[in-house]
Amino acid sequence: MEHVTPIYILSGFLGSGKTTLLSRMIAYWKAQGLRPAIVMNEIGEVNIDGLIAGDNVPTAEMLSGCICCSIRADLTSEIAMLVQNEKPDVIVIEATGIANPMEILDAVAEASLYMRMDVKKLITVVDTAHLLHLSVEQKGKTYRLMQEQIRSASVLLLNKTDRVSAAEKDAMERFVHRWNPYAPILPTERCDVNPEELLGSLPDYEKHPVLPGHSAEHEAVEPQGRANASEKARDHIQTETNHAEHPHHSHDHVMSYTYYFSGPVNSVDFERFIAGLPRDVYRAKGVLTFSDTNSRFLFQYAFRESDFMKITPQGSVPDVVVFIGEHFSKSVLQEQLEALEGKRTSV
């Protein structure tokens, strides 16, 4: 019988912990003697997360766009090339944090017309602290996008629970359950979850389809004022962008900026720059060389917190940083970064 390639889709807003979960999944499959492959989608021009996968994991990079819209047509060819050239036992699609997972499912469905594959699970990782913050006002495009991502999941990881109180964690579990009463909810810290529980014993996606806005039971448990939010969000964004041919875009408000360094920068100055980032920048990642440490670091920034990990990249990897957010000034960031490099007199 012809091999059917299982597909897992990782969803979740920027900085929720998808890449951490991806690393754990890859390690688990490799320990089982399986050969995993990755389709990595980034909204920016450089795939920083791909460094984490390692050279021995086949990876297809889809950059400068989102699978669910501008580069959707490329997904079929990328998966086909992975299957043909690498013959993986399993493929993971890590979507950019601003993607609507239902539209990615549609794209995968199109790809399945040309090759034998099976979507096993759509896993959404939720930043508990971030959602708690957004749930206070319960409005905004980021809030609505997170709602779409949660509603679409076949399993939910309520991640970063160590950053909220026990009462807040319980409240967020109830909150998420109202949006998606079908998906199991697994509270985690740093996506530390039993892989067999996540990948083995839980129901496959097709056995528990979650269709946002199309379940009477689902809408019945929605708090007043949030029913049909997905449709309202799409209508609102369509009106704003006047893209009648793409009414499904859920992230037209999100923008990215990529900056390539010409040389090392001072670590203290860079950390001071990061601490002063505007709140409109809610995600950043990059590879940096610091002049005062003579080392290279993988840099990650999410929800006002930053992390640096010393690395030794294989091959030619430029010093680069990618910023993702809403309506921030690219020119101001460029001026500040050029000042860090000494190209300008001050930041």
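Between F270 and F273, the angle of the ring planes lies from 30° to 60°, which puts this pair in the tilted group. The aromatic rings of Y8 and W29 lie tilted to each other, with the angle between the two planes from 30° to 60°.
Checked by atom type and distance alone, the side chain of K87 pairs as donor or acceptor with a backbone atom of Q84 at under 3.5 Å. Between the side chain of N159 and the backbone N or O of D127 there is no donor-acceptor pair closer than 3.5 Å. Side-chain atoms of T124 do not come within 3.5 Å of backbone N or O of L156 as any donor-acceptor pair. A donor-acceptor pair under 3.5 Å is formed between the side chain of K18 and the backbone N or O of G12. Under the 3.5 Å distance criterion, the side-chain polar atoms of T59 are matched with a main-chain donor or acceptor of V57.
For the pair P36 and P58, the tightest heavy-atom approach, listed with the atom from each and the gap, is O-CD, 3.4 Å. Of all heavy-atom pairs between C191 and G17, the closest is SG-O, 3.3 Å. The minimum heavy-atom distance between A302 and G15, with the atom names listed, is CB-CA, 3.6 Å. Across A60 and E78, no two heavy atoms sit closer than the pair CB-OE1, 3.3 Å. K160 and S16 make their closest contact through CE-O, 3.8 Å (heavy atoms, listed as atom of the first residue, atom of the second, distance). Listed here is the closest heavy atom pair of F328 and F323: CZ-O, 3.9 Å.
With a 4.5 Å cut-off on side-chain heavy atoms, I123 and M25 count as touching. Residues L145 and Q149 have side chains in contact (heavy-atom distance under 4.5 Å, counting atoms from C-beta outward). You'll find the side chain of Y259 stays beyond 4.5 Å of the side chain of Q336, heavy atoms only. When side chains are defined from C-beta on, V83 counts as touching I91, because their heavy atoms get closer than 4.5 Å. Side-chain contact between Q138 and Q147 is absent, with no heavy atoms from C-beta onward closer than 4.5 Å. Here the side chains of L131 and V176 are in contact, with some heavy-atom distance below 4.5 Å. Taking the side chain as every heavy atom from C-beta outward, L333 and L277 approach each other to under 4.5 Å. L298 has its side chain within reach of Q300: a pair of non-hydrogen atoms, C-beta onward, lies under 4.5 Å apart.
Side-chain atoms of S306 and E271 form no donor-acceptor pair, as typed in the model, at a separation below 3.5 Å.
Distance check, rounded to the nearest 0.5 Å: OG1 of T161 to CG of D170 gives 10.5 Å. Taking CE of M146 as the reference point, atom CD1 of I150 lies at 5.5 Å (rounded to 0.5 Å). Atom CG of residue L122 and atom OG of residue S154 lie 5.5 Å apart, to the nearest 0.5 angstrom. Interatomic distance, NZ of K121 versus OG of S11, reported as 15.5 Å (0.5 Å rounding). The structure places CD1 of I274 at 6.0 Å from CZ of F308, a figure rounded to the nearest 0.5 Å. Distance check: F261 CZ to L288 CG gives 5.0 Å after rounding to the nearest 0.5 Å.
Partners of T289 according to the side-chain hydrogen bond (donor to acceptor under 3.5 Å, both in side chains) rule, which considers only residues two or more places apart in sequence or in another chain, are R296, D319. With sequence neighbours left out, R35 forms a salt bridge (charged side-chain N to carboxylate O under 4.0 Å, His left out) with E86.
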Next on the checklist: Show, in sequence, the C-alpha distance, side-chain angles and deciding distance for F299 and V287, and conclude whether the side-chain contact (heavy atoms from CB on, under 4.5 Å) test is met.
Outcome noted: CA-CA 6 Å; F299 157 70; V287 175; over 6 Å; no
Checklist entry - Run the side-chain contact (heavy atoms from CB on, under 4.5 Å) check on L132 and R163 step by step: do they pass? => result CA-CA 10 Å; L132 177 67; R163 299 185 182 180; over 6 Å; no
Checklist entry - Given I185 and V126, is the side-chain contact (heavy atoms from CB on, under 4.5 Å) satisfied, shown in steps? => result CA-CA 10 Å; I185 301 173; V126 181; over 6 Å; no
Checklist entry - Going through the distances and angles, do M117 and I79 end up as a side-chain contact (heavy atoms from CB on, under 4.5 Å)? => result CA-CA 10 Å; M117 56 187 186; I79 293 178; 3.9 Å; yes
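Ion pairing between a basic and an acidic side chain is recognised when a charged N comes within 4.0 Å of a carboxylate O; K169 and E173 show such pairing.
The cluster map of Ile, Leu, Val, Met, Phe, Trp and Tyr, joined by side-chain heavy atoms under 4.5 Å apart, puts M81 and V90 in different clusters.
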